[in-house]
Engineer: 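Handing you a structure now.
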Amino acid sequence: MEYPTEIKDEAQLEDLLSVPNADLIALMKRLAGDIMILGIGGKMGITLGRQALNAISAAGVDKKVIGVSRFSDAAGRKRLEAWGVETIACDLLDSNEIAKLPHVKNIIYMAGRKFGTNGTEELTWAMNALVPGYVGTHFKNSNIVVFSTGCVYPLVNAQSGGCTEDAAPAPIGEYAQSCLGRERIFSYCSKQFGTEILLFRLNYAIDLRYGVLHDIGQQVFQGKPVNNTVGHFNILWQGDANSQALRCLEYCTSPAASLNITGPEIVRVEYIAEKFAELMGKKIRYTGESADKCYLNDSSKATELFGKPRVSVEQMIKWQAAWFMRGGASLGKPTHFEVNDGKY
Ligand SMILES: NC(=O)c1ccc[n+]([C@@H]2O[C@H](COP(=O)([O-])OP(=O)(O)OC[C@H]3O[C@@H](n4cnc5c(N)ncnc54)[C@H](OP(=O)(O)O)[C@@H]3O)[C@@H](O)[C@H]2O)c1
């Protein structure tokens, strides 16, 4: 598809994040059963649900998309319903509420807790490691794509090319440890019940209202020092991440397998900051010593399965710079990608 040179507002941004590609449309023609998205109410779920609906409609098949969340953001629920996603309000921490959810063949599991972990570690563990036990048991006859994170890996330097799926996990801090807990509990359910599961180890989705490019771009735009503590990272356009998550429904296995999901490039903070400064006509200052070790994933396997992402890093930088210069919206949710001591 032809992408615009600039994205003018949130409506156009959400449209672009929800465009399915031909492979996803083809998948909808052969995928049996409906799709349920658990934790749909967050930053990614809303456009993931809509992309699934758009693919179903383009495929001309009859399939429901059901979104489950507490819906802390009522406006998100309204938008989903207006597009045709059925919604069910549910607190996944309550196993009695999970027991009432309809059994659906295809599950995308996106619920989780990260920020605020420091001081309320028990809630993060309950959300990231106890809820997976409830979900893995209730949906034992489904295929489940489980959103996980690259933070389950050790920190590595850029020359390494990033961790492959074979790297041994070495999570730093309780948030990352609880994410490994989530993976381990789902893997247990997969072995115990034969449930087909894929662990979707994602590194940094990009939506212009939040994300690593948003955070660096905002620092440059506002003349604030750019945090260079973690010097390198990986990113992926959220529309591509959403599409790959849905396509992973076909790659769930028992025992569960993991898949790294991010862009093919290792990106340098200083490169991005310089590009933003050039596009926005700003000067850059840095803060933080650039550490040698960062969270970096090698996504070669995903590229083999899904091809190169549709949106390049250069395109994302241009869109993000123009977004700030037009006064585009921000969710006010920093990624804290500069954290490398595991404390969130
Ligand atoms: N975005 C990224 O770049 C990125 C990178 C790596 C990993 N991930 C992981 O991928 C997943 C999706 O990402 P995201 O950015 O969309 O996360 P998010 O914004 O945190 O969304 C997750 C949503 O899950 C719902 N949820 C949380 N607790 C719940 C509960 N007790 N019952 C029901 N729903 C609950 C929340 O919506 P309600 O308030 O409506 O319940 C929340 O907004 C997350 O697990 C995240 O950690 C994301």
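We count ligands from 1, going down the list as the structure has it; atoms in each ligand are counted the same way.
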Engineer: Atom 32 (N) of ligand 1: which protein heavy atom is closest, and how many Å away?
Structural biologist: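 Going atom by atom, the protein heavy atom closest to atom 32 (N) of ligand 1 ends up being Leu92 N, 2.9 Å.
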Engineer: Considering only heavy atoms of Gly39, which atoms of ligand 1 have at least one such atom less than 4.0 Å away?
Structural biologist: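 Ligand 1 atoms under the 4.0 Å threshold to Gly39: 22 (C), 23 (C), 24 (O), 25 (C).
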Engineer: Of Asn260, Asp298, Asn297, which meets side chain to side chain donor-acceptor pair (under 3.5 Å) against Tyr153?
Structural biologist: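 The residue from Asn260, Asp298, Asn297 that satisfies side chain to side chain donor-acceptor pair (under 3.5 Å) with Tyr153 turns out to be Asn260.
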Engineer: Hey, would you say the His214 and Phe324 ring centroids sit under 6.0 Å apart?
Structural biologist: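 Ring centres of Phe324 and His214 closer than 6.0 Å.
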Engineer: Decide if atom CD of Gln222 counts as having more than 12 heavy atoms of other residues, nucleotides or ligands within a radius under 6.0 Å.
Structural biologist: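 Atom CD in Gln222 is crowded, with more than 12 foreign heavy atoms closer than 6.0 Å.
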Engineer: How close does the nearest protein non-hydrogen atom get to atom 16 (O) of ligand 1, and which residue and atom is it?
Structural biologist: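 It is Met44 N, 2.9 Å.
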Engineer: To check your reading of the model: name the closest protein heavy atom to atom 10 (O) of ligand 1, its residue, and the distance in Å.
Structural biologist: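 Nearest protein contact, heavy atoms only, for atom 10 (O) of ligand 1 is Phe147 CD2, 3.2 Å.
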Engineer: For the backbone of Val156 and the side chain of Ser160, can you confirm whether one donor and one acceptor N or O come within less than 3.5 Å of each other?
Structural biologist: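 Not confirmed, Ser160 side chain does not pair with Val156 backbone.
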Engineer: Are the aromatic rings of Tyr109 and Phe139 close, with centres under 6.0 Å apart?
Structural biologist: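 Between Tyr109 and Phe139, the centre distance exceeds or equals 6.0 Å.
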Engineer: Atom 12 (C) of ligand 1: which protein heavy atom is closest, and how many Å away?
Structural biologist: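 Its nearest protein heavy-atom neighbour is Met110 O, 3.6 Å.
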Engineer: Does the pair Asp215 and Tyr210 meet the rule for a side-chain hydrogen bond (donor to acceptor under 3.5 Å, both in side chains), with working shown?
Structural biologist: CA-CA 7 Å; Asp215 295 354; Tyr210 87 100; over 6 Å; no
Engineer: Report, in ascending order of atom number, the atoms of ligand 1 lying under 4.0 Å from any heavy atom of Tyr204.
Structural biologist: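 Numbered from 1, ligand 1 contributes 3 (O), 5 (C).
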Engineer: So, Arg30 and Glu250, do they make that salt bridge, N to O below 4.0 Å?
Structural biologist: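 Answer for the salt bridge query: yes.
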Engineer: Are Leu296 and Val212 connected in a single hydrophobic cluster, I mean Ile/Leu/Val/Met/Phe/Trp/Tyr linked by side-chain heavy atoms less than 4.5 Å apart?
Structural biologist: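 No: no chain of side-chain contacts under 4.5 Å links Val212 to Leu296.
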Engineer: Would you kindly specify which portion of Arg113 sits under 4.0 Å from ligand 1, judged on non-hydrogen atoms: side chain, backbone, both or neither?
Structural biologist: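 Contact part for Arg113 vs ligand 1: neither.
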Engineer: Verify the neighbour count for atom NZ of Lys114: are there more than 12 heavy atoms of other residues, nucleotides or ligands below 6.0 Å?
Structural biologist: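 More than 12 within 6.0 Å, yes.
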Engineer: With heavy atoms only and a cut-off of under 4.0 Å, state how Cys151 meets ligand 1: side chain, backbone, both or neither.
Structural biologist: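 Neither; nothing of Cys151 gets under 4.0 Å from ligand 1.
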Engineer: Number the atoms of ligand 1 from 1 as they appear, then name those within less than 4.0 Å of a heavy atom of Asp91, with their elements.
Structural biologist: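 Checking each atom against Asp91, I get 30 (C), 31 (N), 32 (N).
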Engineer: Within ligand 1, which atoms have a heavy atom of Phe71 less than 4.0 Å away?
Structural biologist: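 Going through ligand 1 atom by atom, the ones under 4.0 Å from Phe71 are 38 (P), 40 (O), 41 (O).
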Engineer: Which heavy atom of the protein is the closest neighbour of atom 17 (O) of ligand 1, given with residue, atom name and distance?
Structural biologist: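 Protein heavy atom at minimum distance: Lys43 NZ, 3.8 Å.
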Engineer: Going by the order shown, which atoms of ligand 1 are within less than 4.0 Å of some heavy atom of Met127?
Structural biologist: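 Those atoms are 28 (N), 29 (C), 30 (C), 31 (N).
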Engineer: Roughly how far apart are Gln51 CD and Gln238 CD, rounded to 0.5 Å?
Structural biologist: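 Spacing of CD (Gln51) from CD (Gln238) equals 10.0 Å.
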Engineer: Give me the residue, atom name and distance of the protein heavy atom closest to atom 6 (C) of ligand 1.
Structural biologist: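 Checking every protein heavy atom, the shortest distance to atom 6 (C) of ligand 1 gives Leu202 O, 3.2 Å.
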Engineer: Counting from 1, what ligand 1 atoms have a heavy atom of Ser148 closer than 4.0 Å?
Structural biologist: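 By the 4.0 Å cutoff, the relevant atoms are 7 (C).
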Engineer: Protein heavy atoms: any of them under 4.0 Å from atom 35 (C) of ligand 1?
Structural biologist: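 True for atom 35 (C) of ligand 1.
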Engineer: Under 4.0 Å, heavy atoms only, figure out whether ligand 1 is touched by the backbone of Cys90, its side chain, both or neither.
Structural biologist: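 The answer is the backbone of Cys90.
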Engineer: Below 4.0 Å, non-hydrogen atoms only: which portion of Tyr210 touches ligand 1? Side chain, backbone, both or neither.
Structural biologist: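 The answer is the side chain of Tyr210.
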Engineer: Under 3.5 Å, is there a donor-acceptor pair between the side chain of Thr253 and the main chain of Ala256?
Structural biologist: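 Not a single qualifying donor-acceptor pair exists.
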